[in-house]
Each structure stands twice: as C-alpha cells, then as structure tokens.
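To start, the structure itself, in structure tokens.
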Amino acid sequence: MSENSQFRFPGATGVGSLPGTDAREAAKTVTGSFEDFPFLAELPARGPGADMIGRTAGMLVELYARVEPSGWRLGDRPGRDTRRARSWLVEDLDALEEFTQGYEGELKVQAVGPWTLAAALELRNGEAALSDAGACRDLAASLAEGLRLHLAEVRRRVPGARLVLQLDEPSLTAVLRGHVRTASGYRTHRAVDRQVVEATLRDVVAVAGGDPVTVHSCAPDVPFALLRRAGAAAVSFDFALLTERDDEAIGEAVEAGTRLFAGVVPGTDGPLSDPAGSVMGVRTLWRRLGLHPGLLAEAVTVTPACGLAGASPAYARRALAHCVRAARSLADNPE
C-alpha cells in the first residue's frame with residue numbers, strides 16, 4: 001500500500017479548466033463550489049500560455065518554449081510566450097490566494113505530466129520531444145524542478161492547505177502504444193518502454209514531497225496498475241470510457257488504497273441527471289467488483305468527465321455543484 005493511501009480525499013472536486021477569462025471569477029466559482037477541495041483553475045480561453053501545455057511549459061526550469069504555427073516548440077531563451085504563461089499563472093495564484101484566506105484543507109493544483117508534455121512539445125527540428133530519449137529525460141527533470149518551485153509557491157500563498165498535485169496525462173496511453181504521430185503525420189513515434197515511463201513518472205511524483213499525487217487522463221485504457229506502481233495516490237478518469245476489461249486493474253487499485261477520481265458529470269453543456277443517477281454506474285461497478293459498499297465514499301471522488309473549458313459558464317457552475325450533490329448521494333446511499 002502506498003504511503004499516501006491513508007490520505008482522506010474529500011468527495012468532489014473539478015478537473016482543472018473552466019470557461020471564461022476572468023481569474024477572480026474562476027477562483028470565486030471554484031472556492032464557492034468546493035468548500036473542502038477547491039483547485040487552481042485554468043482558463044485556456046485567454047489564449048496561448050493559458051492552455052495546459054503552454055501553462056506547464058511556463059513552469060519549466062532552464063527550458064523555454066514558444067508558440068509556432070504547429071504548436072509549442074522548445075527554444076534557447078524565454079520569450080513573450082513564456083512571459084505571458086508565467087504572468088497568467090501569477091494572476092491565477094493571486095486570485096486563488098484572495099479567495100482562500102484562512103483556508104485549511106485540501107487544495108488541488110494541476111500540471112501536464114512528463115509524457116504528455118514530451119508528446120506535445122516540439123524540438124527545434126519540429127519533431128516531438130518524445131522522439132529523443134535524452135530530450136525526454138531533460139524535460140522530465142526540468143518539469144520536476146519547476147513543479148517543486150510551483151508547489152512551494154502555492155504553499156506560501158495558502159499556508160493552511162494540504163496540497164494535491166494532479167498530473168494531466170491524456171497522451172500516456174498513446175505514448176505506451178506507439179500511437180503518437182510524427183510531424184509529417186504519416187508515421188508514429190515508437191512506443192516508450194513501460195519501465196521507462198513508470199520510472200519517469202515516479203521521479204516526477206516524488207517532487208510532491210509526500211503530498212498525494214493524482215494522475216488524470218480522459219482517454220480510454222488508462223494504465224491504472226502502472227500509475228499505482230509509479231506512486232500515484234489517485235487516478236482521475238472519464239468514467240464513461242471504462243470497459244469491463246478495466247475491472248481487474250480497478251479492483252486491485254482500490255484494494256491497494258488508490259483513490260478513484262470518477263469523471264461522471266459531462267464536461268460540455270447538456271442535461272444533467274439527478275445526482276443519484278450520475279453515480280449509478282459507480283455503484284454498479286462496485287457490485288460487479290464485489291467491493292464493500294461502505295468503501296465507496298472512502299475510495300471515490302466525483303468530478304466532471306474532463307475539463308470544463310468547452311462548456312458555457314452557466315453550465316460549468318451547474319456541473320461543479322452537481323459533482324458535490326452526486327458525491328453526497330454516493331456517501332449517503334452507497335448501495
């Protein structure tokens with residue numbers, strides 16, 4: 001059982017991104033929706049540098065990235081894109097600090113994990129960093145140092161918070177299976193050895209210094225067992241993408257103390273079912289796995305299926321509130 005497995009996660013939180021461009025409004029929404037598990041909101045509608053790749057690229061230490069027509073590309077020195085990304089992060093931290101005065105409890109911050117970053121950031125030749133093992137190592141080391149500094153800054157601003165680091169890894173399965181396309185689009189980069197993937201993730205997870213880390217992916221076939229071995233205290237995923245092939249890995253994860261961040265609330269505008277209906281699938285999964293219903297509230301945190309950047313502001317607020325009500329339903333009526 002991992003050392004973080006005894007950490008008590010609250011019942012609901014968000015994934016990361018929200019619609020809009022107003023940092024104060026986002027922080028107000030998040031802290032108002034989740035009294036015991038807010039998160040540092042991301043607002044990609046502001047443009048390059050506020051997107052998840054650009055935001056994390058701005059955290060890197062001694063590596064810099066700029067926007068090219070094809071995406072984010074590593075360069076020699078910090079430019080306006082790096083400065084913009086860092087400026088927006090400071091703006092978001094200022095807003096969060098304002099709305100968390102005196103807060104004591106869990107607080108989640110997000111960054112892109114090393115493998116999705118390697119699949120997204122281009123080298124000078126236009127190919128993904130994923131194509132070069134040395135570049136992957138350098139990128140992971142730079143990310144780890146950047147995250148260490150970022151977490152220290154959040155702790156300074158919200159000293160009563162117990163931090164949870166979320167690593168966003170939507171490309172992880174594609175990296176493991178060799179499905180990441182080359183710049184030409186005609187080939188794919190070779191699959192990265194699972195042991196290398198796991199070891200790199202373990203090194204990045206370690207920078208949290210004992211604080212729990214969750215890994216998020218809203219892609220199919222999330223590698224639960226690998227993430228658990230790499231030290232993740234929780235795995236965040238789109239519940240609708242699960243199949244019965246995932247049952248064994250999920251059962252083993254739960255029994256090992258891994259928390260499930262179940263994305264059961266749609267991330268884009270649409271009708272919301274009643275709270276009990278939103279978590280019906282979770283209860284069904286529990287019965288199928290033969291797990292004790294009393295474990296549900298201890299093992300599951302309810303979230304949207306993915307980020308809410310593509311939703312309307314009104315729907316995003318409803319979705320966050322719905323997560324809280326669905327989590328309460330799960331706790332009150334586990335069977």
Side-chain angles (χ1 to χ4, degrees), residues 2-18 23 26-43 52 55-56 58-61 86 88-114 117 140 142-169 201-217 227-228 230-236 257-261 298 301-303 307 320 323 327:
S2 72
E3 71 179 79
N4 288 320
S5 62
Q6 299 305 313
F7 184 88
R8 304 288 291 193
F9 288 98
T13 190
V15 171
S17 67
L18 292 177
K28 181 180 177 183
T29 296
V30 165
T31 54
S33 299
F34 301 111
E35 294 180 358
D36 58 358
F37 203 179
F39 60 95
L40 178 62
E42 302 165 355
L43 301 173
M52 71 176 198
R55 184 183 187 88
T56 302
M59 296 181 189
L60 297 175
V61 173
R86 291 176 176 175
W88 272 328
L89 180 58
V90 169
E91 185 179 306
D92 293 336
L93 287 168
D94 287 344
L96 182 73
E97 183 177 7
E98 177 184 348
F99 285 95
T100 52
Q101 292 295 311
Y103 175 73
E104 294 184 354
E106 280 64 46
L107 172 65
K108 183 165 69 68
V109 297
Q110 306 83 221
V112 176
L117 203 60
S142 174
L143 174 64
E145 180 61 15
L147 286 175
R148 189 185 65 78
L149 295 172
H150 177 55
L151 292 171
E153 175 67 6
V154 179
R155 289 188 190 100
R156 183 185 70 78
R157 288 170 174 265
V158 194
R162 293 186 292 275
L163 295 191
V164 176
L165 171 63
Q166 175 179 304
L167 297 175
D168 292 316
E169 283 283 15
L201 280 168
R202 188 180 300 111
D203 289 345
V204 176
V205 165
V207 304
D211 285 334
V213 175
T214 181
V215 179
H216 169 74
S217 173
L227 296 176
R228 179 165 53 85
V235 181
S236 172
T258 304
R259 183 81 173 189
L260 305 180
F261 281 37
E298 296 178 21
T301 293
V302 175
T303 74
L320 297 181
C323 288

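All values below were derived from every heavy atom in this structure, side-chain atoms included, with hydrogens, water molecules and symmetry-related copies excluded. Throughout, residue positions are numbered sequentially from 1 according to the sequence presented.
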> Considering only heavy atoms from C-beta outward, does the side chain of Leu165 approach that of Leu147 to under 4.5 Å?
Replying inline: yes

> Mind checking what makes side chain to side chain donor-acceptor pair (under 3.5 Å) contact with Glu169, not counting sequence neighbours?
Replying inline: Thr116

> Ser142: what forms a side-chain contact (heavy atoms from CB on, under 4.5 Å) with it, not counting sequence neighbours?
Replying inline: Leu60, Val61, Leu63

> Going by the salt bridge (charged side-chain N to carboxylate O under 4.0 Å, His left out) test, which pairs reach into residues 149-160, not counting sequence neighbours?
Replying inline: Asp94-Arg157, Glu97-Arg157, Glu153-Arg156, Glu153-Arg157, Arg155-Asp211

>> According to side chain to side chain donor-acceptor pair (under 3.5 Å), who are the partners of Glu145, at least two apart in sequence or on a separate chain?
In response: Arg148

>> Which residues pass the salt bridge (Lys or Arg N to Asp or Glu O under 4.0 Å) test with Glu35, not counting sequence neighbours?
In response: none

> For the atom pair CZ (Phe99) and OG1 (Thr31), what is the distance rounded to the nearest 0.5 Å?
Replying inline: 6.0 Å

>> According to salt bridge (Lys or Arg N to Asp or Glu O under 4.0 Å), who are the partners of Asp36, at least two apart in sequence or on a separate chain?
In response: none

> Can you find a pair of side-chain heavy atoms, one from Pro114 and one from Leu201, that are under 4.5 Å apart?
Replying inline: yes

>> The criterion is side chain to side chain donor-acceptor pair (under 3.5 Å); which residues satisfy it with Asp203, sequence neighbours excluded?
In response: none

> What pairs with Glu104 under side chain to side chain donor-acceptor pair (under 3.5 Å), at least two apart in sequence or on another chain?
Replying inline: none

> Taking atom OG of Ser236 and atom CG of Leu227, what is their separation to the nearest 0.5 Å?
Replying inline: 11.0 Å

> With side chains defined as the heavy atoms from C-beta onward, is the minimum distance between Thr301 and Leu260 less than 4.5 Å?
Replying inline: no

> Can you name the residues that form a side-chain contact (heavy atoms from CB on, under 4.5 Å) with Ala144, not counting sequence neighbours?
Replying inline: Val207

> Where is the tightest heavy-atom contact between Ala95 and Ala23, given as atom of each residue plus distance?
Replying inline: CB-O, 3.5 Å

> Taking only residues two or more places apart in sequence, or in another chain, which ones meet Phe261 in a ring-ring contact (aromatic ring centres under 6.0 Å, His included)?
Replying inline: Phe9

> Any side-chain donor-acceptor pair under 3.5 Å between Thr214 and Arg259?
Replying inline: no

>> Distance check, rounded to the nearest 0.5 Å: Gln166 atom CD versus Leu40 atom CG?
In response: 11.0 Å

> Which atom pair, heavy atoms only, marks the closest approach of Gln110 to Val15?
Replying inline: CG-O, 3.4 Å

> Looking only at atom types and distance, does a side-chain atom of Thr56 sit under 3.5 Å from a main-chain N or O of Val112, one as donor and one as acceptor?
Replying inline: yes

>> Within this structure, what is the NZ-OG1 distance for the pair Lys108 and Thr13, rounded to the nearest 0.5 Å?
In response: 5.0 Å

> Looking only at heavy atoms, what is the nearest atom pair of Ala327 and Gly11, with distance?
Replying inline: CB-O, 3.2 Å

> Can you name the residues that form a salt bridge (Lys or Arg N to Asp or Glu O under 4.0 Å) with Arg86, not counting sequence neighbours?
Replying inline: none

> Does the side chain of Met59 reach to within under 4.5 Å of the side chain of Leu89, using non-hydrogen atoms?
Replying inline: yes

> Which atom pair, heavy atoms only, marks the closest approach of Ala232 to Val215?
Replying inline: CB-CG2, 4.0 Å

> If you round to the nearest 0.5 Å, how far is CZ of Phe34 from CD of Glu106?
Replying inline: 13.5 Å

> Side chains of Asp92 and Arg55: closer than 4.5 Å at any heavy-atom pair?
Replying inline: yes

> By side-chain contact (heavy atoms from CB on, under 4.5 Å), which residues pair with Ala41, not counting sequence neighbours?
Replying inline: Leu18, Ala26, Val30, Phe39

